[in-house]
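Read the structure below first, then the notes.
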Amino acid sequence: QRRTHFRCTADLTRGPLTSPPLPAGIPASFSVPAFLQPPAVLPKVRDIYENWLFHGPIFQGISTVDAMGSNGITGTLRIKGAAECLKDAGGNEWVVGPVLLDSAMQLAGVWARHFLDITVLPAGLKSLNRLSPVIGREFRAIVSIPKEIEHGEMRCDLAVYDEHGAMVILVEGLGGIASKSFNRLASQPKALRTVR
């Protein structure tokens, strides 16, 4: 019997997102949230990719961490297009760019490492809504952390906004497996990592 590794339902006919209401902490258009208990110093991107995360150059999409607190984090993402990631993209662009989506999820990982000193690996999500075409190379993202980690699992919601502040992607119920033992994944030899 074949094992199921991934299952999803795609609704390609859904109109604009009007119901249910947006998750707590996710504004309809971009504005920097007033996070609770902000740290005195924000993590620097170079330190994030050298010491906390393990992504290669193409997936190092976090440009800045702009604000964070005990209930979430926001940052700027700069991503590469399909032609910069694939040998033959055929002139096509991403529908939902993997670099954009992963970089937004990395912000949740930065939050977990900063506040809880654990690494979180994504394991699934409740829903992903693409609200409009993903156009451009620079985006803003907000990750809202509604609950503390329960039984080794972290859940959050995240939104990605274009350069005009319009929401283009909403991910609800993003779940990840959290463990301090995963921190070793970032302890690779520096020769294997390239950070700009």
Side-chain angles (χ1 to χ4, degrees), residues 3 5-6 8 35 38-39 41-87 89 94-126 128 134 137-145 147-160 169 171-196:
R3 184 175 174 186
H5 294 281
F6 174 79
C8 79
F35 291 122
V41 178
L42 293 172
K44 294 188 180 348
V45 172
R46 182 174 185 88
D47 293 336
I48 288 168
Y49 285 116
E50 282 191 352
N51 302 312
W52 288 354
L53 301 179
F54 47 84
H55 300 76
I58 288 177
F59 277 84
Q60 292 177 8
I62 298 174
S63 176
T64 59
V65 174
D66 301 320
M68 65 189 302
S70 61
N71 57 330
I73 184 171
T74 183
T76 303
L77 312 175
R78 287 206 179 98
I79 64 156
K80 298 183 182 302
E84 299 167 276
C85 300
L86 303 174
K87 186 174 182 180
W94 304 120
V95 174
V96 175
V99 177
L100 177 61
L101 189 58
D102 192 85
S103 297
M105 289 191 276
Q106 289 171 34
L107 285 171
V110 170
W111 181 91
R113 193 66 191 264
H114 180 86
F115 282 97
L116 306 173
D117 192 30
I118 58 172
T119 296
V120 180
L121 300 178
L125 51 91
K126 179 181 173 185
L128 185 152
V134 179
R137 295 287 181 266
E138 186 166 296
F139 298 86
R140 305 292 294 275
I142 296 173
V143 177
S144 176
I145 315 287
K147 292 181 180 179
E148 291 293 330
I149 288 177
E150 298 175 354
H151 309 295
E153 185 176 11
M154 176 178 156
R155 290 214 168 266
C156 62
D157 302 302
L158 73 84
V160 177
I169 295 173
V171 176
E172 296 178 271
L174 174 63
I177 304 302
S179 173
K180 195 174 185 85
S181 66
F182 291 157
N183 290 358
R184 73 189 189 312
L185 296 173
S187 302
Q188 322 173 42
K190 291 191 188 275
L192 298 178
R193 291 181 271 148
T194 302
V195 180
R196 295 176 197 196

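Side chains are part of it too, since the values below use all heavy atoms of this structure and drop only hydrogens, waters and symmetry mates. Along the sequence shown, residues carry numbers from 1.
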Calculate, to the nearest 0.5 Å, the distance between atoms CG and CZ belonging to L121 and F182 respectively. 5.0 Å
Closest heavy-atom contact between C156 and S144? CB-O, 3.2 Å
Quick one: are L77 and L107 in side-chain contact, heavy atoms under 4.5 Å? yes
Between L53 and V110, does the side-chain contact (heavy atoms from CB on, under 4.5 Å) criterion hold? Intermediate values first, please. CA-CA 8 Å; L53 301 179; V110 170; 4.3 Å; yes
Return the minimal non-hydrogen interatomic distance between G61 and S103, and the atom names on each side. CA-OG, 3.2 Å
Heavy-atom nearest pair, V120 first then M154, reads CG2-SD, 3.7 Å
Is any side-chain heavy atom of R78 closer than 4.5 Å to one of R137? no
Say you draw a straight line from NE2 of H55 to CD1 of I48; how long is it, rounded to the nearest 0.5 Å? 11.5 Å
How long is the straight-line distance from CZ of F54 back to CZ of F59, given to the nearest 0.5 Å? 11.5 Å
Work out which heavy atom in C85 is nearest to a heavy atom in K80; give both atom names and the distance. SG-CB, 3.9 Å
Are M68 and L42 close enough, and set up right, to give a side-chain contact (heavy atoms from CB on, under 4.5 Å), and what steps lead you there? CA-CA 8 Å; M68 65 189 302; L42 293 172; 3.6 Å; yes
Less than 4.5 Å apart, any side-chain heavy atom of E84 and any of I58? no
In this structure, OG1 of T119 is separated from CZ of R184 (nearest 0.5 Å) by 9.5 Å
If we only count heavy atoms from C-beta on, is the S63 to E138 side-chain gap below 4.5 Å? no
Can you check side-chain contact (heavy atoms from CB on, under 4.5 Å) on D66 and R140, steps first, answer last? CA-CA 9 Å; D66 301 320; R140 305 292 294 275; 3.2 Å; yes
Which heavy-atom pair separates A178 from I118 by the least distance, and what is that distance? CB-CD1, 3.5 Å
Of L116, N71, V65, V143, the residue whose pairing with W111 passes side chain to side chain contact (heavy atoms under 4.5 Å, CB included): L116
Once rounded to the nearest 0.5 Å, what's the spacing between atom CG of L125 and atom CG of L174? 6.0 Å
pair R113-P43: side-chain heavy atoms closer than 4.5 Å: no
Which heavy atom of E153 sits nearest a heavy atom of G175, and at what distance? OE2-CA, 4.3 Å
Taken to the nearest 0.5 Å, the spacing of L101 CG from I79 CD1 works out to 10.5 Å
Measure from the side-chain N and O atoms of Q60 to the backbone N and O of V45, and report whether any donor-acceptor pair falls under 3.5 Å. no
